[in-house]
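This report refers to the structure that appears directly beneath it.
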Amino acid sequence: MTTALQSVPIDTISGEPTSLAEYAGRVLLVVNVASKCGLTPQYEGLEALYERFNGQGLEVLGFPANDFREQEPGTNEEILEFCQATYAVKFPIFAKIAVTGEDKHPLYELLTEAVPHASGDPEAHRERLRGFGIPANDDPDILWNFEKFLIGRDGTVLARFAPNLVPEDPALVGAIEDALAS
């Protein structure tokens, strides 16, 4: 059975239509990514998670978004080139979308509706942004680049992690291990 989340149309980075149904039966870590953000080095940790757990059923899925201080200004082709050349990313990257605001992609509407509050320490990240004079989104909106959603094999959104929670954090790794064991 395909869930509403799995049936949302998305495009690959090369513009081909698809959906999360392509990954049915796998555990997904959906991340809104950006190339020019202070958190961009998380690509390295995301790739490490992908390499470590892909054989057990994990897919890391990157969704570039230019919603936060225009930190993802490139074209889809430029984004893919950056990810591969700079971080040797092998996990799937999709076409650039909006993850907040009026143009929010339906995928992110469903994700934020399913889990409106991130675990980790989103408040610390909000305070950091405010310290730089940057307005910070309130829940349930996406706070910043590199917010992470964990989706179980059955298409259920299991957890949401704050942008400042790094991919190697034991809470995230443990949640992935638990989801893979289910």
Side-chain angles (χ1 to χ4, degrees), residues 10 12-13 28-54 58-105 107-109 111-112 115-151 157-176:
I10 54 177
T12 66
I13 194 95
L28 309 179
L29 185 65
V30 173
V31 187
N32 60 300
V33 295
S35 301
K36 300 187 181 307
C37 175
L39 301 177
T40 299
Q42 286 192 28
Y43 268 121
E44 187 174 328
L46 293 170
E47 180 61 27
L49 286 175
Y50 179 72
E51 290 178 18
R52 178 177 172 189
F53 293 114
N54 182 255
L58 176 71
E59 293 288 348
V60 175
L61 307 177
F63 287 86
N66 197 33
D67 295 338
F68 305 103
R69 307 289 272 203
E70 299 179 358
Q71 294 181 343
E72 188 55 273
T75 65
N76 287 332
E77 295 78 19
E78 291 167 338
I79 293 165
L80 185 60
E81 169 67 22
F82 170 83
C83 291
Q84 291 174 340
T86 309
Y87 292 101
V89 167
K90 293 178 191 74
F91 62 81
I93 304 288
F94 291 84
K96 188 160 50 171
I97 61 170
V99 298
T100 190
E102 285 182 20
D103 297 327
K104 184 193 299 187
H105 193 281
L107 174 65
Y108 272 80
E109 288 283 353
L111 290 170
T112 56
V115 182
H117 308 289
S119 56
D121 195 355
E123 207 46 52
H125 198 72
R126 278 190 186 87
E127 287 306 313
R128 185 165 187 247
L129 291 171
R130 291 180 185 124
F132 289 117
I134 300 170
N137 288 340
D138 291 321
D139 291 337
D141 285 334
I142 297 294
L143 175 57
W144 201 252
N145 303 308
F146 291 90
E147 198 149 325
K148 302 152 198 78
F149 288 87
L150 186 63
I151 302 170
V157 184
L158 302 173
R160 175 178 177 178
F161 299 93
N164 56 341
L165 189 129
V166 294
E168 54 275 7
D169 187 284
L172 177 56
V173 173
I176 290 169

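Between Phe63 and Phe94, the two ring planes are parallel [angle under 30°; tilted spans 30° to 60°]. Note: Phe146 and Tyr43 have perpendicular aromatic rings, judged against thresholds of 30 and 60 degrees for the angle between ring planes.
One finds the CD1 atom of Ile97 at 12.0 Å from the CG atom of Asn66 (value rounded to the nearest 0.5 Å). Rounding to the nearest 0.5 Å places CG of Leu80 at 13.5 Å from NZ of Lys96. Distance check: Arg69 CZ to Cys37 SG gives 11.5 Å after rounding to the nearest 0.5 Å.
Tested against Val30 for a side-chain contact (heavy atoms from CB on, under 4.5 Å), the candidates Leu150, Val157, Ile151 yield a single pass: Ile151. When each of Lys148, Glu47, Glu168 is checked for a side chain to side chain donor-acceptor pair (under 3.5 Å) with Gln42, only Lys148 meets the rule.
In terms of modelled atom types and a separation under 3.5 Å, the side chain of Asn164 and the main chain of Asp121 share a donor-acceptor contact. Distance alone, capped at 3.5 Å, is enough to place a donor-acceptor pair between the Asn137 side chain and the Ile142 backbone. Side-chain atoms of Lys36 do not come within 3.5 Å of backbone N or O of Gly74 as any donor-acceptor pair. Side chain of Thr100 to backbone of Leu143: no donor-acceptor contact under 3.5 angstrom is found. Under the 3.5 Å distance criterion, the side-chain polar atoms of Glu147 are left unmatched by any main-chain donor or acceptor of Asn32. Here the side chain of Thr12 pairs no donor or acceptor atom with the backbone of Ala95 at under 3.5 angstrom. Judged by distance alone, with hydrogens and angles left aside, the side-chain atoms of Glu59 form no donor-acceptor pair with the main-chain N or O of Leu28 at under 3.5 Å.
With sequence neighbours excluded, no residue forms a salt bridge (Lys or Arg N to Asp or Glu O under 4.0 Å) with Glu81. Every residue meeting the salt bridge (Lys or Arg N to Asp or Glu O under 4.0 Å) condition with Asp141, not counting sequence neighbours, appears here in chain and number order: Lys104. Applying the salt bridge (Lys or Arg N to Asp or Glu O under 4.0 Å) test to Glu123 and every residue at least two apart in sequence or in another chain returns Arg126, Arg130.
Across Gly62 and Pro64, no two heavy atoms sit closer than the pair O-CD, 3.5 Å. Residues Pro41 and Gly38 come closest through the heavy atom pair CD-O, 3.4 Å.
Contact annotation: the side chain of Asn54 never approaches that of Lys90 to less than 4.5 Å [non-hydrogen atoms, C-beta and beyond]. The side-chain heavy atoms of Trp144 and Ile134, taken from C-beta on, include a pair separated by under 4.5 Å. Inter-residue side-chain proximity for Pro116 and Asp139 is flagged as unmet; no heavy-atom pair is nearer than 4.5 Å. Side-chain atoms of Phe53 and Val60, non-hydrogen and from C-beta on, never get closer than 4.5 Å to each other. Residues Glu72 and Phe82 are not in side-chain contact: their nearest non-hydrogen atoms beyond the backbone lie 4.5 Å or more apart. Side-chain atoms of Leu172 and Leu49, non-hydrogen and from C-beta on, do get closer than 4.5 Å to each other. Residues Phe68 and Val99 form a side-chain contact, since some pair of their non-hydrogen atoms from C-beta on lies under 4.5 Å apart. Side-chain contact check for Ile10 versus His105: some heavy-atom pair is nearer than 4.5 Å.
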(request) Mind running side-chain contact (heavy atoms from CB on, under 4.5 Å) on Arg160 and Thr112 for me, showing each step along the way? (result) CA-CA 9 Å; Arg160 175 178 177 178; Thr112 56; 3.9 Å; yes

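Residue Glu44 places its CD atom among 12 or fewer non-hydrogen atoms of other residues, nucleotides or ligands, all under 6.0 Å distant.
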